[in-house]
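Take a look at the structure below.
By convention in this document, chain letters (A, B, ...) are assigned in the order of the sequence lines, proteins followed by strands, and residues within each chain are numbered from 1. Side chains are part of it too, since the values below use all heavy atoms of this structure and drop only hydrogens, waters and symmetry mates.
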There are 2 protein chains.
Amino acid sequence: MDYALATAPTVIPVHHASAAVAALQIGIAALRTQCSTCNLRNLCLPCGLNAKDLDHVNELIYTRKRVKAGEALYQAGTPFKSLYAVRTGFFKSYVVSEDGRDQVTGFQMAGEIIGLDGIHEDQHTLNVVALEDSEVCVIPYVRLEEVSAKVPELRRQVHRTMSREIARDHGVMLLLGSMRAEERVAAFLLNLSQRFVARGYASSEFYLRMTREDIGSYLGLKLETVSRVFSKFREDGILSVRKRQICILNPDGLKEALGHADA
Amino acid sequence: MDYALATAPTVIPVHHASAAVAALQIGIAALRTQCSTCNLRNLCLPCGLNAKDLDHVNELIYTRKRVKAGEALYQAGTPFKSLYAVRTGFFKSYVVSEDGRDQVTGFQMAGEIIGLDGIHEDQHTLNVVALEDSEVCVIPYVRLEEVSAKVPELRRQVHRTMSREIARDHGVMLLLGSMRAEERVAAFLLNLSQRFVARGYASSEFYLRMTREDIGSYLGLKLETVSRVFSKFREDGILSVRKRQICILNPDGLKEALGHADA
DNA sequence: CGACCTTTTGAACGTATTCAACCGATGTGG
DNA sequence: CCACATCGGTTGAATACGTTCAAAAGGTCG
């Protein structure tokens, strides 16, 4: 894996509630970028907040950042300053072990929060790379601290976000620790499908942004094994696979493949 | 696995800073249970807080709870009310998949925080069982919310705790996703050793509280494989293994076994 | 068009699993 | 108190699953 040319991603100024002049300069388009009017608000950090609290969350977002496909959003070892909320695009995160092995720890899509790995040591422990041209909202951590000091519900929400990440990680451990190759791939596809549905896309047809190698790393398998499982599912009539274009022809079959080892 | 007879663990009242009368009733022993005088304070939630903030943390702890070996601290699906800080003893946490498979997600020892899995859905997603007679400090979550509202450093500390848990989980993913059996066992033992050292115990000699099956589940291996690796390390002069009594005879050898697959 | 990357597929191989037997310690009931 | 069941652990032999190595096809991009 050799992403991460790590040129500095583009920074875009964003409308701020208290910065009326800037708003006039940027115009209507910028207003759309506020959390209160963002169509991702029910998936993202502000999920579940009332209108008043939402205004406070607006104050969090100063800037957005474009990250081109293959570019790093951040790298392990760099100082932790901000969390990021994915607006558009697709990312992968991975750790690199001391002896140089990679492990993909997750794939992030619209509405998901990136950067929580950096809080505990004031520097990032993950590498995060865009798999397609992407855009994130930058949430400066000191700002988040300030605002959450006066907004209890935002505090809850941050906790929930971190707790959800922990629970997700436990799910991955279950997958890596106790599932066979076909089950892992089935779980992976069903998870992706669910997340696309939550974002208003079709449940059964989607485009994989990552390589077979990325999938394999995430699932603890070699890329050849991933490819073979895809082929097997195709032969079984469960999937249609054309390169990275996936169509789930038989969702129940896929769930069955996940269910029990000897299906 | 068939722990969790789940009788309600014993609840012990604890001295509270503002409850002087209770303090007199309980006496000196109870004073020791305050965070400010607890010998675990530098490993536990209050780690890094100054004296003033520490007083606030004292207010968090109303009660302690004894959990006997084999008993559950909590189970998946039960309502989330509190976090727990391990005072003494040893726990394992595990998820159970829909189709009934177990996956041990971690082992918790003195000073470590348990219960973060419950925040995001107001109910626990993990099962936590004591592997020996244990005692935890109960941290009511609503209390933590209140106190952290006025203590910024405590807020930071909670974030750090959760972030550290996330990073730990990534380490486990790396282990499960890319290491061979011997490496996994080596990593497991070195991790245990480190954590014992941090608590003032010997680095090279310790007693395993968990079965080979628990270790196997955690490491994504079968118990026979764990046993075989122990035997291999014994033959190589790296370990002395007598039942659950482990002695690391050659720490460098163990690190080497972790280092590269083809050692 | 050619170079490179991703993906697929086959065949041989190796690691961890499965199945089974056995040991020792612990605990129970006659 | 001893016989017997149970549980945790070790070890062996056969098996199965995923990996490794290799070749080739299809796509993309300069």
field: Terminal helix-axis angle for the helix from dC1(C)-dG30(D) to dG30(C)-dC1(D), with five pairs defining each axis and rounding to 10 degrees
entry: 30°
- request: Under the side-chain contact (heavy atoms from CB on, under 4.5 Å) rule, collect the residues that match up with Glu112(B), sequence neighbours excluded.
  value: Gln108(B), Met109(B), Arg195(B), Arg199(B)
- line: For Glu132(B), the salt bridge (charged side-chain N to carboxylate O under 4.0 Å, His left out) test, sequence neighbours excluded, returns Arg209(B)
Where do N or O atoms of nucleotides 23-30 of chain D meet protein N or O atoms at under 3.5 Å, pair by pair?
none

statement: When rounded to whole Å, the NZ to C1' distance for the pair Lys232(A) and dT7(C) reads 19 Å
task: Could you tell me whether the side chains of Ser93(A) and Thr105(A) share a donor-acceptor contact shorter than 3.5 Å?
output: yes
statement: Taking every heavy atom of Ala187(B) against every heavy atom of Leu258(B), the minimum-distance pair comes out as CB-CD1, 3.7 Å
message: Show the nearest heavy-atom pair for residues Leu116(A) and Leu83(A), with the distance to one decimal.
response: N-CD2, 3.7 Å
- line: Rounded to whole Å, CZ of Arg209(A) lies from C1' of dT6(C) at a distance of 18 Å
message: With no hydrogens and no angle check, just 3.5 Å: does a side-chain donor-acceptor pair link Ser134(B) and Thr88(B)?
response: no
Atom pair distance, as rounded to whole Å: CG in Asp214(B) and C1' in dG8(D): 11 Å
message: Within 45 degrees of the ring normal and closer than 6.0 Å to the centroid, is that where the cationic atom of Lys92(B) sits relative to Tyr94(B)?
response: yes
message: Rounded to whole Å, please give me the gap between CZ in Arg212(B) and C1' in dA25(C).
response: 14 Å
Would you be so kind as to tabulate the donor-acceptor pairs closer than 3.5 Å made by side chains of residues 224-232 of chain B, with sequence neighbours excluded?
unit_1	atom_1	unit_2	atom_2	d
Ser231(B)	OG	Ser227(B)	O	3.1
Ser231(B)	OG	Arg234(B)	NH2	3.3
Lys232(B)	NZ	Asp236(B)	OD2	2.8

task: Specify the separation, in whole Å, of atom CD of Gln245(B) and atom P of dG8(D).
output: 19 Å
query: Between Arg244(B) (CZ) and dG24(C) (C1'), how many Å, whole number?
result: 14 Å
task: Establish, yes or no, whether a centroid distance under 6.0 Å links the rings of Phe107(B) and Tyr218(B).
output: yes
task: In whole angstrom, give the distance that lies between atom CD of Glu213(A) and atom C1' of dT7(C).
output: 12 Å
query: Does dC7(D) have OP1 or OP2 sitting under 4.0 Å from an N or O in the side chain of Thr211(B)?
result: no
At a cut-off of 3.5 Å, list every protein nitrogen or oxygen paired with a nitrogen or oxygen from nucleotides 13-18 of chain C, distance to 0.1 Å.
unit_1	atom_1	unit_2	atom_2	d
dA16(C)	OP1	Ala181(B)	N	2.7
dT17(C)	OP1	Lys222(B)	N	3.4
dT17(C)	OP2	Lys222(B)	N	3.3
dT17(C)	OP2	Thr225(B)	OG1	2.2
dT18(C)	O4	Arg228(B)	NH2	2.7

Which atom of Cys44(B) lies closest to which atom of Ala85(B), heavy atoms considered: SG-CB, 3.7 Å
Cationic N near anionic O, under 4.0 Å, Arg101(B) to Glu183(A): yes
message: Output the rounded distance in Å from CZ (Phe233(A)) to C1' (dT8(C)).
response: 17 Å
message: Under 4.0 Å, heavy atoms only, any strand: does Arg242(A) hit a base, just the sugar-phosphate, or nothing?
response: nothing
